[in-house]
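Just follow the structure's listing: the first ligand is 1, and inside any ligand the first atom is 1. Worth saying up front: this structure is predicted, and the values here are computed from it rather than measured. When a residue number appears, it is its place in the shown sequence, counting from 1. Any value given below was found using the heavy atoms of this structure, including those in side chains, with hydrogens, waters and symmetry copies removed.
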Amino acid sequence: MNRIAIFPGSFDPITIGHQNIVERALPLFDKIIVAIGENSQKQKMFTLEQRISFIEKTFATHKKVEVKSYSGLTVDFCKKTDARFILRGIRNAKDLDFEQAIAQMNMALEPEIETVFLVNEPKYGAINSSIVRDIRANGGSTAQFLPHQFTLD
Ligand code: ADP
């Protein structure tokens, strides 16, 4: 049976923290779908097309990785794509609290879908998309936080 996982998030933009989680999860799954959720009301810095393109470039050499966008429930998107696993990264206790609640709600909605957590490598612990956006909005250089496979400018 194919072990398909989705890695959901807004990826505005994808960072080396996200990239590391996906690359470390590759041996666990036959396919990983990086799934850009379109539900959030949050104002985005990058368009959906830009975010998809950044992710496609990041994983261009990894045949097991696909990029898709979705709206609606994450568990419904899992069923649509035959994914039995939801992959998430955990950086700290705050992430754990939040992720645990979402995973348990998803478990209640769809008991066959398992959420799999990987803890971050310490060097990526402080990296998150919203700080990258802040730095960029204030004219700083963000290259060190982003996969080298693409550039923002
Ligand atoms: P969301 O919009 O749900 O906050 P993100 O795009 O920020 O989604 O992140 C998607 C997933 O990647 C989440 O599981 C998040 O915890 C994880 N993640 C984000 N940054 C890092 C990092 N630096 N190290 C490990 N995991 C991370």
Of all protein heavy atoms, the one nearest atom 18 (N) of ligand 1 is H18 CD2, 3.8 Å

Exercise. Would you say R88 has any N or O atom under 3.5 Å from an N or O of ligand 1, going by distance alone?
Worked result: yes

Near D95 (heavy-atom distance under 4.0 Å), the atoms of ligand 1 are 16 (O)

Check whether M107 and L109 end up in the same hydrophobic cluster, where Ile, Leu, Val, Met, Phe, Trp and Tyr are linked by side-chain heavy atoms less than 4.5 Å apart.
no

Atom 1 (P) of ligand 1 sits nearest the protein heavy atom S10 OG, 3.8 Å

Ligand 1 atoms nearer than 4.0 angstrom to some heavy atom of P8 are 10 (C)

- Query: Do R84 and E114 meet the salt-bridge criterion of a basic N to acidic O distance under 4.0 Å?
  - Reply: no

Hey, does I127 come in under 3.5 Å of ligand 1, counting only N/O atoms on both sides? yes

query = Considering distance alone, does some N or O of N128 sit under 3.5 Å from an N or O of ligand 1?
reply = no

_Quick check: do H18 and S129 have side-chain heavy atoms less than 4.5 Å from each other?_
yes

>> Regarding K68 and E66, does a basic nitrogen lie under 4.0 Å from an acidic carboxylate oxygen?
In response: yes

Hydrophobic clusters here meaning ILVMFWY residues chained together by side-chain heavy-atom distances under 4.5 Å, can you tell me if L26 and F29 are in one?
yes

For N120, the atoms of ligand 1 under 4.0 Å from one of its heavy atoms are 24 (N), 25 (C)

Indicate whether the side chain of N128 and that of S130 have a donor and an acceptor atom separated by less than 3.5 Å. yes

Closer than 4.0 Å: a protein non-hydrogen atom to atom 12 (O) of ligand 1
yes

_F117 side chain near E99 side chain, heavy-atom distance below 4.5 Å_ = yes

(message) In this structure, is the centre-to-centre distance between the rings of F11 and F54 below 6.0 Å?
(response) no

Open item on the list: Between ligand 1 and T15, is the shortest N or O to N or O distance under 3.5 Å?
Closed with: no

| Note: D30-R3 ion pair, threshold 4.0 Å (strictly below) | yes

Here the atoms of ligand 1 under 4.0 Å from any heavy atom belonging to I21 are 25 (C), 26 (N)

- Can you check whether G17's main-chain N or O pairs, donor with acceptor, with T15's side chain at less than 3.5 Å? yes

Checking the N or O distance criterion of under 3.5 Å, is ligand 1 in contact with G89? yes

To atom 20 (N) of ligand 1, the nearest of R91, K123, Q19 on a heavy-atom basis is R91

Between S129 and ligand 1, does any nitrogen or oxygen pair lie at a separation below 3.5 Å?
no

Note: ligand 1 atoms sitting under 4.0 Å from heavy atoms of F7 are 11 (C), 12 (O)

- Task: Report yes or no: does E121 have a heavy atom closer than 4.0 Å to ligand 1?
- Result: no

